[in-house]
Amino acid sequence: MHFSNHLIHSLRIKNQKTHGIFMQFKASISSLKVAWRKDPKLDQAIENDKRCKQCSRIVKEVLNEPGQVIPLHYLEKRRDRLRLTVKIKTFLDLNPGLFDLYMDRVRPKSEPVTFVRPSERLRQFLEEENRIFVDNEFLLVSKLCKLLMMSKDKVVSADKLVQVKREFGFPNDFLVNLVPKYQEYFKLIGEPGEGRSFLQLVKWNPEFAKSVIEVRAEEESRLTGIRTRPAFNWKLPPGFFIRKEVREWIRDWMELPYISPYADVSHLDQSSREMEKRNVGVFHELLSLSIYKRIPIPILGKFSDEYRFSNAFSNVFTRHSGIFYTSLKCGIKTAMLREAYEDGELIERDPLLEIKDEFLKLLAEGHREKAERLRLQREMVQEDMKMMALSNNDLDYDKCEKELLEV
């Protein structure tokens with residue numbers, strides 16, 4: 001089911017000021033119940049990235065250690081926190097090329113133990129990662145500005161931003177290196193890590209204050225020569241249905257004017273349908289800015305104060321199931337942007353996903369080398385078995401010859 005602008009217009013009831021329609025608009029938003037339904041293709045998109053994210057967690061753990069080295073048994077003790085279901089040694093065997101193992105002492109007089117350190121190939125990847133960050137610096141600055149511009153007071157907790165850096169593709173050191181470089185846009189208040197640091201917007205850039213939906217409408221207007229109003233794409237996959245009363249409510253709600261996530265909404269009532277329109281716009285923009293077009297809902301909840309989300313904000317994702325999908329994959333509720341995917345694959349890829357591509361190449365190279373080593377080992381074993389078989393045949397021939405001579 002797809003609510004295009006034309007379809008919505010054709011479905012409108014001629015007399016929308018009748019008492020019945022007025023009461024429909026006034027219906028409590030919270031009373032609208034939409035059943036959750038599983039979308040296997042979008043769930044699979046999360047499943048496909050699980051191994052890559054798991055490897056990234058282990059890499060991050062080692063890189064955060066002093067000297068970027070750690071005893072193997074120390075890493076083993078952190079398995080639960082790292083959400084690792086196999087032993088660290090098994091993980092390293094399954095993912096060759098990430099780390100090197102070597103023997104060293106924890107203390108000068110202690111017995112040598114196995115240590116883990118980044119491999120040379122991993123260090124080369126880290127250099128390539130830095131290059132990609134440099135090449136996309138303007139994109140990173142615009143994303144950070146947009147996050148601040150959508151917030152209530154144009155100020156966001158720096159510690160919260162650090163927690164979502166991977167969702168939006170920010171480098172680990174963005175508060176230290178990127179923010180001070182652009183003082184015309186940002187001001188860091190306090191020291192990050194203490195829970196009382198904030199990032200404040202210094203300059204409002206009108207070019208950044210355009211949402212993905214507004215940019216799309218402008219582009220359509222330019223191509224067609226006809227003014228296109230900003231609107232959400234509302235589409236359910238085949239086999240998904242919603243009740244008639246909910247469908248009618250959505251039709252009328254879609255007719256409301258689009259409210260930019262960058263607009264001042266301090267005058268709107270928190271429970272109004274206009275505020276619902278604005279909140280959907282904010283969630284749409286946040287997911288559009290994320291590199292995978294999806295964000296775990298608990299992470300979004302951390303920004304309730306900054307973006308004026310209600311306590312029941314997560315219901316928005318099921319209520320507007322033609323715009324969003326809530327995945328329960330991996331035991332975490334994740335909000336996904338439906339329009340960003342086709343058959344479980346991203347339609348338009350964020351430029352920062354080049355980092356993931358390079359990381360997958362690193363993993364693939366390690367697997368190829370391991371497969372080649374195993375192939376050579378099998379060939380050597382087969383060759384040894386052939387030699388042993390020939391040797392045994394010679395022994396059997398000599399033994400038979402000796403027995404015949406004795407007879």
Side-chain angles (χ1 to χ4, degrees), residues 33-62 64 75-92 94-95 98 157 159-170 172 236-237 239-240 279-280 282-284 286-304 307 309-346 350 353 355-356 359-360 363:
K33 303 297 181 183
V34 180
W36 177 86
R37 290 196 63 179
K38 181 182 179 69
D39 190 325
K41 290 182 178 180
L42 291 182
D43 282 342
Q44 189 60 43
I46 293 179
E47 182 67 26
N48 292 342
D49 291 328
K50 188 165 70 173
R51 176 173 160 267
C52 182
K53 288 193 172 185
Q54 186 179 67
C55 291
S56 296
R57 282 198 299 271
I58 308 300
V59 168
K60 177 185 175 184
E61 191 73 17
V62 175
N64 284 342
L75 203 55
E76 178 66 31
K77 292 178 181 178
R78 303 177 189 179
R79 271 176 53 200
D80 290 342
R81 180 165 61 80
L82 294 169
R83 302 197 296 276
L84 201 59
T85 57
V86 298
K87 291 186 176 181
I88 287 292
K89 188 65 169 65
T90 303
F91 169 83
L92 297 179
L94 292 173
N95 298 281
L98 287 177
S157 164
D159 295 308
K160 290 181 182 180
L161 289 172
V162 169
Q163 292 175 23
V164 298
K165 62 186 177 184
R166 297 203 177 277
E167 271 67 35
F168 295 101
F170 298 138
N172 292 329
L236 283 174
F240 279 61
N279 284 341
V280 171
V282 172
F283 288 129
H284 186 284
L286 287 172
L287 295 177
S288 297
L289 291 174
S290 68
I291 59 175
Y292 290 105
K293 315 308 176 192
R294 63 177 188 254
I295 301 176
I297 291 178
I299 288 180
L300 288 171
K302 294 178 183 291
F303 295 88
S304 293
Y307 297 123
F309 299 150
S310 68
N311 293 333
F313 78 92
S314 60
N315 292 333
V316 166
F317 302 116
T318 50
R319 190 156 53 240
H320 298 278
S321 52
I323 302 173
F324 308 111
Y325 171 63
T326 302
S327 174
L328 307 180
K329 202 68 180 174
C330 302
I332 301 173
K333 287 186 177 181
T334 302
M336 306 182 70
L337 193 59
R338 281 196 185 278
E339 68 181 36
Y341 289 86
E342 184 174 358
D343 293 330
E345 297 291 335
L346 283 170
D350 191 293
L353 281 176
I355 293 173
K356 176 193 171 185
F359 190 65
L360 289 176
L363 295 176

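Nearest approach of P298 to I332, heavy atoms of both residues: CD-CG2, 4.5 Å. Closest non-hydrogen pair, A45 versus G344, comes out as CB-O, 3.3 Å. Pairing each heavy atom of F303 with each of L161, the nearest pair is CZ-N, 4.4 Å. Taking each heavy atom of L300 and A335 in turn, the nearest pair found is CD1-CB, 4.2 Å. When all heavy atoms are compared, the tightest approach of M336 to L287 is C-CD1, 4.0 Å. Between P296 and E167, the closest heavy-atom pair is CD-OE2, 3.9 Å.
With sequence neighbours left out, S314 forms a side chain to side chain contact (heavy atoms under 4.5 Å, CB included) with I297. Here V162 pairs with K165, F174, L175 under the side chain to side chain contact (heavy atoms under 4.5 Å, CB included) rule; sequence neighbours left out. Legend: residues meeting side chain to side chain contact (heavy atoms under 4.5 Å, CB included) with Q54, ordered by chain and number and at least two apart, are R57, L84, F91.
By the neighbour-count criterion of 12 heavy atoms within 6.0 Å, atom NZ of K89 is sparsely surrounded, having that number or fewer from other residues, nucleotides or ligands. Heavy atoms of other residues, nucleotides or ligands lying less than 6.0 angstrom from CG of N64 number more than 12.
With rounding to the nearest 0.5 Å, the separation of CZ in R37 from OG1 in T318 is 14.5 Å. Interatomic distance, H284 NE2 to L337 CG, rounded to the nearest 0.5 Å: 4.5 Å. In this structure, OG in S56 is found 9.5 Å from NZ in K356, a value given to the nearest 0.5 Å. In this structure, the separation between CG on L346 and CD on E342 is 11.5 Å, given to the nearest 0.5 Å. Atoms CG and CG, on L363 and N95 in that order, are 6.0 Å from each other to the nearest 0.5 Å. A distance of 8.5 Å separates SG of C330 from CZ of R83, quoted to the nearest 0.5 Å.
Residues V164 and K160 fail the side-chain proximity criterion, which asks for heavy atoms closer than 4.5 Å. Using a 4.5 Å heavy-atom threshold, the side chains of L98 and V62 count as separate. Residues I323 and E339 have side chains not in contact (no heavy-atom distance under 4.5 Å, counting atoms from C-beta outward). For the pair Y341 and K41, the minimum side-chain heavy-atom distance is 4.5 Å or more. Side chains of I299 and Q163 form no contact here, defined as non-hydrogen atoms less than 4.5 Å apart. Residues D39 and S327 are not in side-chain contact: their nearest non-hydrogen atoms beyond the backbone lie 4.5 Å or more apart. Looking at V316 and F283, their side chains come closer than 4.5 Å, going by heavy atoms from C-beta outward. Using a 4.5 Å heavy-atom threshold, the side chains of F168 and I291 count as separate.
Proximity of the aromatic rings of F317 and Y325 is defined here by a centroid distance below 6.0 angstrom, and this criterion is not met.
Not one N or O on the side chain of T90 forms a donor-acceptor pair closer than 3.5 Å with the backbone of V86.
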Could you give me the CA-CA distance, side-chain angles and deciding distance for D49 and R294, then say whether salt bridge (Lys or Arg N to Asp or Glu O under 4.0 Å) is met? CA-CA 12 Å; D49 291 328; R294 63 177 188 254; 2.6 Å; yes
Should D43 and K329 be marked as a salt bridge (Lys or Arg N to Asp or Glu O under 4.0 Å) after you check the CA-CA gap, both sets of side-chain angles, and the distance that decides it? CA-CA 6 Å; D43 282 342; K329 202 68 180 174; 5.9 Å; no
With side chain to side chain contact (heavy atoms under 4.5 Å, CB included) as the test, would you mind laying out the steps for I46 and T334 before giving the verdict? CA-CA 9 Å; I46 293 179; T334 302; 4.0 Å; yes
Would you please test D343 and Q44 for side chain to side chain contact (heavy atoms under 4.5 Å, CB included) and show each step? CA-CA 10 Å; D343 293 330; Q44 189 60 43; over 6 Å; no
Could you give me the CA-CA distance, side-chain angles and deciding distance for F359 and C52, then say whether side chain to side chain contact (heavy atoms under 4.5 Å, CB included) is met? CA-CA 8 Å; F359 190 65; C52 182; 3.7 Å; yes
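Taking the ring centre of Y292 as origin, the terminal cationic atom of K53 falls inside the region bounded by 6.0 Å and 45° from the ring axis.
A salt bridge is defined here as a Lys NZ or Arg NE, NH1 or NH2 lying under 4.0 Å from an Asp or Glu carboxylate O, and K87 with E76 fails to meet this definition.
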